[in-house]
Amino acid sequence: MRYSLFSLLAQALNGQKGWKPAWREASPRAEYDVVIVGGGGHGLATAYYLAKEHNITNVAVLEKGTVGSGNVGRNTTIIRSNYLLPGNTPFYEWSLKLWEGLEEDINYNAMVSQRGVLNLYHSDAQRDAFVRRGNAMRLCGADAELLDRAAVQEWLPYLDHENARFPIHGGLLQRRGGTVRHDAVAWGYARAADQRGVDICQHCEVTGIRVESGRAIGVETSKGFVRAKKVGLAAAGNSSRVAAMAGLRLPIESHVLQAFVSEGIKPLIDTVVTFGAGHFYISQSDKGGLVFGGDIDGYNSYAQRGGLPLVEHLFEEGMALMPMLGRLRMVRNWGGVMDMSMDGSPIIGTTPVDSLYLNAGWCYGGFKAAPASGWCFAHTIATGEPHALNAAFRLDRFATGRLIDEKGQGAAPNLH
Ligand SMILES: Cc1cc2nc3c(=O)[nH]c(=O)nc-3n(C[C@H](O)[C@H](O)[C@H](O)COP(=O)(O)OP(=O)(O)OC[C@H]3O[C@@H](n4cnc5c(N)ncnc54)[C@H](O)[C@@H]3O)c2cc1C
């Protein structure tokens, strides 16, 4: 069923009785060409691009819960490509380009909204660092604009521009950045992959990876053994646990990240703003709630909920940036499990086990990467080789020292 204005009108006249489920409820078959573990944004996008770009349709996505119940449906929906380092910038810029054509490509309204992402700077040194970042972005074909103090003040007068500790000096703006309705991305990719023949198997937990003579030959699941010529892992916050099933120890720690939503108010913030003197970002959803978040909780956990110290820390940052937040009620908050890598950059590539491929280490920035990650992971699985765009994201960089440490924090995942 193709979604269009015509189908909307036809269903309206028909009492909305003709809508079909967005995808089939599949049970895993005995054997596939490719099995993807994890039905989040990355796993579903991988399955879609395997079918679309490589004509590999004998594929199953095995998801232990429901599609969208992981981080793909828990994030704060920001997309951008404002990275500095050579390994990162072209990859994230490719992702932004895929976002720009995504809704047409998968015939699904994901509410892609290029409302801009503005990173504020609060000192001369920070401005110089942002100039460097902006130039690196422009060299890779991404858009970047430096706004001075007056331009930011005119655009966003409600920020605390004269804050005694953190006065706002200006901002680096990426106009093509913005937000996307997060769970629609999962549903849209699931539907589009299903239409190309992929089996989306929900409530099917992978409990083991069968390896024979150094080669992955399939996975044990809560619904029995599923044989596969190739196995791709895209389990995000659970990556270490899933990879351990094949004897791999990953350079990843799992941490909790929280998100917050306020009561709905009239349109106020028409962009995404990040505070440069701490880690706090805020935007407004189409329903009117202010959506914001910041640092991870800082301790290892697999719980999808966070603690109060971080809540206090985050609200203090928010109040320093935007004092009017103090007049709002918070209505919801939740947590998700982050797969924090040791240099803050992802892993997409082969592993020491033949036919076993890994997609992990997304830290708190993997939502924006989902299209390019799926695209590159599909390429890597189909050809057995990384694409030029993900060549730097190899697992063995942690052994060879070719790290992509965007923040220069070293092996301290809680700081990335
Ligand atoms: C609060 C919060 C805010 C965020 N904000 C942003 C943001 O603004 N922008 C941005 O770019 N990123 C953001 N992120 C990060 C982003 O959401 C993640 O990096 C990204 O979603 C991870 O990839 P995924 O979508 O594939 O993960 P998930 O949706 O978590 O998918 C992994 C799936 O694997 C499944 N799984 C795990 N183990 C097994 C198993 N054994 N068998 C079968 N299935 C299994 C899980 O159930 C899960 O559904 C945020 C994250 C959180 C939590």
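None of the values given here were measured: they were computed from a predicted structure. Atoms within a ligand are numbered from 1 in the order they appear, just like the ligands themselves.
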- request: Around atom 22 (C) of ligand 1, find the nearest protein heavy atom and jot down its residue, atom name and distance.
  value: Ala236 CB, 3.8 Å
query: Is the NZ or CZ atom of Arg227 both under 6.0 Å from the centre of the six-membered ring of Tyr32 and within 45° of that ring's axis?
result: no
Check: Phe91 ring centroid to Phe393 ring centroid under 6.0 Å: yes
query: What atoms of ligand 1 come closer than 4.0 angstrom to any heavy atom of Leu62?
result: 43 (C), 44 (N)
query: Among protein heavy atoms, which lies nearest atom 26 (O) of ligand 1, and at what distance?
result: His42 N, 3.1 Å
field: Parallel, tilted or perpendicular: ring planes of His169 versus Tyr121, cut at 30 and 60 degrees
entry: perpendicular
task: Among all protein heavy atoms, pick out the one at the shortest distance from atom 47 (O) of ligand 1; state its residue, atom name and that distance to 0.1 Å.
output: Glu63 OE2, 2.7 Å
field: Subset of ligand 1 atoms that lie under 4.0 Å from at least one heavy atom of Lys368
entry: 10 (C), 11 (O)
message: Is it the case that the side chains of Asn71 and Trp362 hold a donor-acceptor pair, with the cut-off being a distance below 3.5 Å and no angle test?
response: no
message: If I apply the N/O under 3.5 Å rule, does Trp334 come out as touching ligand 1?
response: no
- prompt: With a cut-off of under 6.0 Å to the ring centre and 45° to the axis, is Arg210 in cation-pi contact with Phe225?
  reply: yes
message: Within the 4.0 Å heavy-atom shell around Trp362, which atoms of ligand 1 are there?
response: 19 (O)
message: To check your reading of the model: name the closest protein heavy atom to atom 4 (C) of ligand 1, its residue, and the distance in Å.
response: Asn75 CB, 3.1 Å
message: Tell me whether the count of non-hydrogen atoms from other residues, nucleotides or ligands lying under 6.0 Å of CZ in Arg176 goes above 12.
response: yes
field: Proximity to ligand 1 by part of Cys363, non-hydrogen separation under 4.0 Å
entry: backbone
field: Numbered atoms and elements of ligand 1 in range of Ala259, under 4.0 angstrom, heavy atoms
entry: 1 (C)
task: Begin from the C-alpha positions of Phe275 and His122 and carry the test ring pair (Phe, Tyr, Trp, His ring centres under 6.0 Å) through to its verdict.
output: CA-CA 9 Å; Phe275 182 47; His122 306 263; 5.1 Å; yes
statement: One finds that the ligand 1 atoms under 4.0 Å from a non-hydrogen atom of Tyr364 are 6 (C), 10 (C), 12 (N), 13 (C), 14 (N), 15 (C), 50 (C)
- prompt: Between the side chain of Ser254 and the main-chain N/O of Asn300, is any donor-acceptor distance below 3.5 Å?
  reply: no
task: May I ask you to check whether over 12 heavy atoms, not counting those of Arg402, lie within 6.0 Å of atom CZ?
output: no
field: Test salt bridge (charged side-chain N to carboxylate O under 4.0 Å, His left out) applied to Asp295 - qualifying residues, sequence neighbours left out
entry: none
- prompt: What part of Ala234, side chain, backbone, both or neither, has a heavy atom within less than 4.0 angstrom of ligand 1?
  reply: backbone
statement: Which of Ile282, Asp160, Val273 passes side-chain contact (heavy atoms from CB on, under 4.5 Å) with Met322? Answer is Ile282
task: For Val242, counting its heavy atoms only, list the atoms of ligand 1 lying under 4.0 Å from any of them.
output: 38 (N), 41 (N)
message: Does only the side chain of Phe367 get under 4.0 Å from ligand 1, or the backbone, or both, or neither? Count heavy atoms.
response: both
- request: Run the numbers for me: atoms of ligand 1, each under 4.0 Å from some heavy atom of Met338, listed by number.
  value: 51 (C), 52 (C), 53 (C)
Within reach of ligand 1, part of Thr77 (heavy-atom separation under 4.0 Å): backbone
- request: For atom 43 (C) of ligand 1, find the nearest protein heavy atom and state the residue, atom name and distance (0.1 Å precision).
  value: Lys64 N, 3.2 Å
